[in-house]
Amino acid sequence: MKTDDPAWMRLREHAASQITPGFAERVMRAAGAAASPLFVAQFAMCAATAALCLAAVLLFHSRASGEEDASSLAGWSEIAAQASDVDQGL
Amino acid sequence: MDESSTSTLGDRVRLAQRGDSAAMRDLIVSYQRRVAGFVYAITGRSDSVEDLCQMVFVKMARALGRLNAPDQFESWLFRLARNTCIDHLRRQKLRRIFTPFAPEHENVPEPEGSVGTEELDALRHALSQIRPKDRALLALVQEGRSHAEIAATFRTSVAAVKARLHRAREQLRKYYQSDED
């Protein structure tokens, strides 16, 4: 099949007819909507989400460990008091 | 392409690289029809021609600054177009694996005769039977590119281009003829 084969020519013509008016302007607009600010915004959003999640985990962890420490201390105080009672009884 | 038009193209590319939007627009307008034909020959879908062309030219506009040899613009642009189409076909194939649609629902064929003549339908059918990379090769030949230019586009040797082209032509002829019978 040669370059000027009618079927290939029709194929090219049909393809070219799919390009609607104003194509170049649309491309320029899309290309002008610079990729970098979008990338920076996406990156910032990801970083903020990650920071929020980390803060939430740390807060939850410090609260949970604080409560655990308090209950352990209370338990030890009770044991110490009981031990002191036993010592006095002896 | 003669020497003067090559230098004019090189100048236009250099202007576009420097941010001249008129030169950039001029490049898009000059190549949009040819890229559309190339894209259509590879994908065989007229409904995705414009979207794919837009992707190709947006990539072109964003990457043009990194093109070191403005005189090689055409080879570079068609390489960009070929890679975009092959990525698109690959993504489509992957999507077909992960979506619960039957293939007949995924890619509704363009009705016979809806895109033109029987000749065109036969060519589209024959092209759909061969590998996308071979379709790209044949489309570049139809673009009037020399073997050396195609080798530069595909980043391969002229001998490899000739061998692959011979095989692709044989296959296309076989399917085109069997379709005509």
Side-chain angles (χ1 to χ4, degrees), chain A residues 1-69 71, chain B residues 21-22 24-64 110 114-124 126-127 138-145 169 172-173 176 180:
Chain A
M1 299 180 84
K2 292 172 186 166
T3 309
D4 56 355
D5 185 282
W8 276 101
M9 283 170 66
R10 288 211 176 87
L11 183 136
R12 285 196 294 266
E13 279 164 18
H14 177 69
S17 71
Q18 302 304 306
I19 303 288
T20 51
F23 174 78
E25 284 69 28
R26 284 196 299 281
V27 168
M28 303 272 283
R29 265 200 307 277
S36 47
L38 186 66
F39 175 74
V40 169
Q42 281 177 343
F43 183 77
M45 181 72 108
C46 287
T49 309
L52 260 171
C53 289
L54 188 67
V57 167
L58 286 176
L59 191 71
F60 178 77
H61 178 71
S62 71
R63 262 195 198 167
S65 60
E67 280 170 12
E68 207 175 300
D69 285 352
S71 81
Chain B
S21 53
M24 180 68 81
R25 191 187 174 283
D26 191 32
L27 281 178
I28 297 168
V29 172
S30 307
Y31 284 94
Q32 63 186 35
R33 292 175 66 87
R34 289 172 62 187
V35 170
F38 184 70
V39 164
Y40 186 43
I42 300 176
T43 61
R45 303 282 314 177
S46 46
D47 51 9
S48 52
V49 165
E50 189 169 19
D51 286 346
L52 280 170
C53 284
Q54 181 157 338
M55 279 170 73
V56 170
F57 283 109
V58 167
K59 281 183 187 174
M60 179 209 87
R62 286 181 178 164
L64 193 63
E110 293 183 44
S114 68
V115 293
T117 60
E118 278 177 27
E119 270 173 325
L120 178 52
D121 281 335
L123 176 60
R124 282 179 53 241
L127 281 170
L138 290 166
L140 280 176
V141 174
Q142 292 298 320
E143 270 291 314
R145 320 302 305 166
R169 273 180 173 146
L172 185 72
R173 196 171 295 129
Y176 195 65
E180 278 180 339

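In what follows, chains are A, B, ... by sequence order, proteins preceding strands, each numbered from 1.
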Enquirer: Rounded to the nearest 0.5 Å, how far does CD of A:Gln18 lie from OH of B:Tyr40?
Expert: 7.5 Å
Enquirer: So, do A:Leu11 and B:Leu127 sit near enough that their side-chain heavy atoms are less than 4.5 Å apart?
Expert: yes
Enquirer: Measure up the A:Phe23 and B:Phe57 rings against each other and bin them: parallel (under 30°), tilted (30 to 60°), perpendicular (over 60°).
Expert: perpendicular
Enquirer: Mind listing the closest non-hydrogen atom pair of A:Ala15 and B:Ala36 along with its distance?
Expert: CB-O, 3.3 Å
Enquirer: What is the minimum heavy-atom distance between B:Gln32 and A:Ala24, and which atoms define it?
Expert: OE1-N, 4.3 Å
Enquirer: To the nearest 0.5 Å, tell me how far B:Gln142 CD sits from A:Met9 CE.
Expert: 10.5 Å
Enquirer: Of all heavy-atom pairs between B:Met24 and A:Met28, which one has the smallest distance, and what is that distance?
Expert: CG-SD, 3.6 Å
Enquirer: Identify the two heavy atoms, one from B:Arg62 and one from A:Ala31, that lie closest to each other, and give their separation to 0.1 Å.
Expert: NE-O, 3.6 Å
Enquirer: For A:Thr20, is it the side chain, the backbone, both or neither that has a heavy atom under 4.5 Å from a heavy atom of chain B?
Expert: both
Enquirer: Between CD of B:Gln54 and CZ of A:Arg29, what distance do you get to the nearest 0.5 Å?
Expert: 9.0 Å
Enquirer: Do NZ/NE/NH1/NH2 and the carboxylate oxygens of B:Glu143 and A:Arg12 come within less than 4.0 Å?
Expert: no
Enquirer: Would you call B:Leu120 and A:Trp8 a side-chain contact if the rule is heavy atoms closer than 4.5 Å?
Expert: no
Enquirer: Do you know which two heavy atoms are closest between A:Val27 and B:Ile28, and how far apart they sit?
Expert: CG1-CD1, 3.6 Å
